[in-house]
Engineer: 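Before we start, here is the structure in question, set down as structure tokens.
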Amino acid sequence: SSDQPFLTTANVKRWMPKTVGEWLDAYLLYWRTLAESLKSSDPELRQSCSKLMLSQLQEMMSVETLQRPVLETIKEITEVKDLDQQQTISEIELLITYNADTLLPDIVTQLKSIVDHLVGTSFGSRLKRFAGMDLLYDKINREGNDVDATAEEIQSLAREGVDNRDSLREELGWLVTDQAQNGYHFGQALGAQDPNLTVWPDIIEAWFSAGDSAHDFFVGGYLQKVFSRDTATWEGIISDLAATGRNVKFLPGVIWRSGI
């Protein structure tokens, strides 16, 4: 037969599930095989398997009988220390936002608890969630309406950043790069809370130090509030930045985001 998987004169009888239960058992077999790879000593394999399983989370959780074993795997993923848990947060929150009504109630509760644990309560951990992640469901709810789900947290974080410059300074290394996917909005909030530009020296020092990794998201957002408040001050800052000769290739982006 032309569909034989290898050369043989005998017909190969492929396995076919006789019931839905057998079909789901096969899914779980593959799923658990992938989950075993989370224990591998190879970090790249752990990362690849985690990404693959998380990318299939919505499909797997759409089947009620699979929800509990899949939940257990999610818990295992959160315990792997060297994995990037931003994807874990993103996929779980996506599932809860748009598909909560297809999940068992206690599963929803446990998923929310996992997200709360991963996001954490510290300034830095919350900043990575709300300034570091730019997610569709933070802007559009399940009914398709525009929302701003992060606004309250962003404002709270901005106030904390101005009140505690040491905490903010510890996070500036990534905030001034493209890792801050929602950095523009946090920059705006921070600029609004900082009319005296008390945190600007720290921001610009970090931005210069980032070199080729620097980005205009966060800095542009902060300076946009400066521009809207005092154009002359903004013009002076832009002139000073140009005069330094540092990160000049990023300056047009900063100007565009903040003042044009």
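One is the number of the first residue; the rest follow in order along the sequence. These numbers come from a predicted model, not from an experiment.
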Engineer: Output a table of donor-acceptor pairs, distance under 3.5 Å, between side-chain atoms of residues 33-40 and any protein atom two or more places apart or on a different chain; print 'none' if there are none.
Structural biologist:
{"unit_1": "Thr33", "atom_1": "OG1", "unit_2": "Leu29", "atom_2": "O", "d": "2.7"}
{"unit_1": "Glu36", "atom_1": "OE2", "unit_2": "Lys39", "atom_2": "NZ", "d": "3.4"}
{"unit_1": "Ser40", "atom_1": "OG", "unit_2": "Asp42", "atom_2": "N", "d": "3.0"}

Engineer: Does Arg229 have any salt bridge (Lys or Arg N to Asp or Glu O under 4.0 Å) partners at least two apart in sequence or in another chain, and if so, which?
Structural biologist: none
Engineer: Taking only residues two or more places apart in sequence or in another chain, which ones pass side-chain hydrogen bond (donor to acceptor under 3.5 Å, both in side chains) with Thr102?
Structural biologist: none
Engineer: Tell me every residue that passes salt bridge (Lys or Arg N to Asp or Glu O under 4.0 Å) with Asp178, counting only those two or more places apart in sequence or in another chain.
Structural biologist: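 Salt bridge (Lys or Arg N to Asp or Glu O under 4.0 Å) check on Asp178 returns nothing, list empty.
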Engineer: Under the salt bridge (Lys or Arg N to Asp or Glu O under 4.0 Å) test, which residues partner Asp212, sequence neighbours left out?
Structural biologist: Lys249
Engineer: Applying ring-ring contact (aromatic ring centres under 6.0 Å, His included), can you list everything that pairs with Trp174, at least two apart in sequence or on another chain?
Structural biologist: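 Residues passing ring-ring contact (aromatic ring centres under 6.0 Å, His included) with Trp174: none at all.
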Engineer: I'd like to check the side-chain hydrogen bond (donor to acceptor under 3.5 Å, both in side chains) partners of Asp240; sequence neighbours left out, ordered by chain and number.
Structural biologist: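 Counting only residues at least two positions away or on another chain, Asp240 forms no side-chain hydrogen bond (donor to acceptor under 3.5 Å, both in side chains).
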Engineer: Tell me whether the rings of Tyr98 and Tyr137 are parallel (<30°), tilted (30 to 60°) or perpendicular (>60°).
Structural biologist: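 Rings of Tyr98 and Tyr137: perpendicular, over 60°.
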Engineer: For residues 228-260, pull every pair meeting ring pair (Phe, Tyr, Trp, His ring centres under 6.0 Å), keeping only residues two or more places apart or in separate chains.
Structural biologist: Phe227-Trp234
Engineer: Using the side-chain hydrogen bond (donor to acceptor under 3.5 Å, both in side chains) criterion, which residues pair with Arg246? Sequence neighbours excluded.
Structural biologist: none
Engineer: Which side-chain N or O atoms in residues 126-136 pair as donor and acceptor under 3.5 Å with protein atoms at least two apart or in another chain?
Structural biologist:
{"unit_1": "Arg126", "atom_1": "NH1", "unit_2": "Glu160", "atom_2": "OE1", "d": "3.4"}
{"unit_1": "Arg126", "atom_1": "NH1", "unit_2": "Glu160", "atom_2": "OE2", "d": "3.1"}
{"unit_1": "Arg126", "atom_1": "NH2", "unit_2": "Glu160", "atom_2": "OE2", "d": "2.8"}
{"unit_1": "Lys128", "atom_1": "NZ", "unit_2": "Glu171", "atom_2": "OE1", "d": "3.2"}
{"unit_1": "Arg129", "atom_1": "NE", "unit_2": "Glu93", "atom_2": "OE1", "d": "3.2"}
{"unit_1": "Arg129", "atom_1": "NH1", "unit_2": "Asp138", "atom_2": "OD2", "d": "3.1"}
{"unit_1": "Arg129", "atom_1": "NH2", "unit_2": "Glu93", "atom_2": "OE1", "d": "2.8"}
{"unit_1": "Arg129", "atom_1": "NH2", "unit_2": "Asp138", "atom_2": "OD1", "d": "3.1"}
{"unit_1": "Arg129", "atom_1": "NH2", "unit_2": "Asp138", "atom_2": "OD2", "d": "3.2"}
{"unit_1": "Asp134", "atom_1": "OD1", "unit_2": "Lys139", "atom_2": "NZ", "d": "2.8"}
{"unit_1": "Asp134", "atom_1": "OD2", "unit_2": "Lys139", "atom_2": "NZ", "d": "3.2"}

Engineer: Sequence neighbours excluded, which residues qualify as ring-ring contact (aromatic ring centres under 6.0 Å, His included) partners of Phe123?
Structural biologist: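 Per chain and number, Phe123 pairs via ring-ring contact (aromatic ring centres under 6.0 Å, His included) with no residue.
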Engineer: Thr78: which residues meet the side-chain hydrogen bond (donor to acceptor under 3.5 Å, both in side chains) condition with it, sequence neighbours left out?
Structural biologist: none
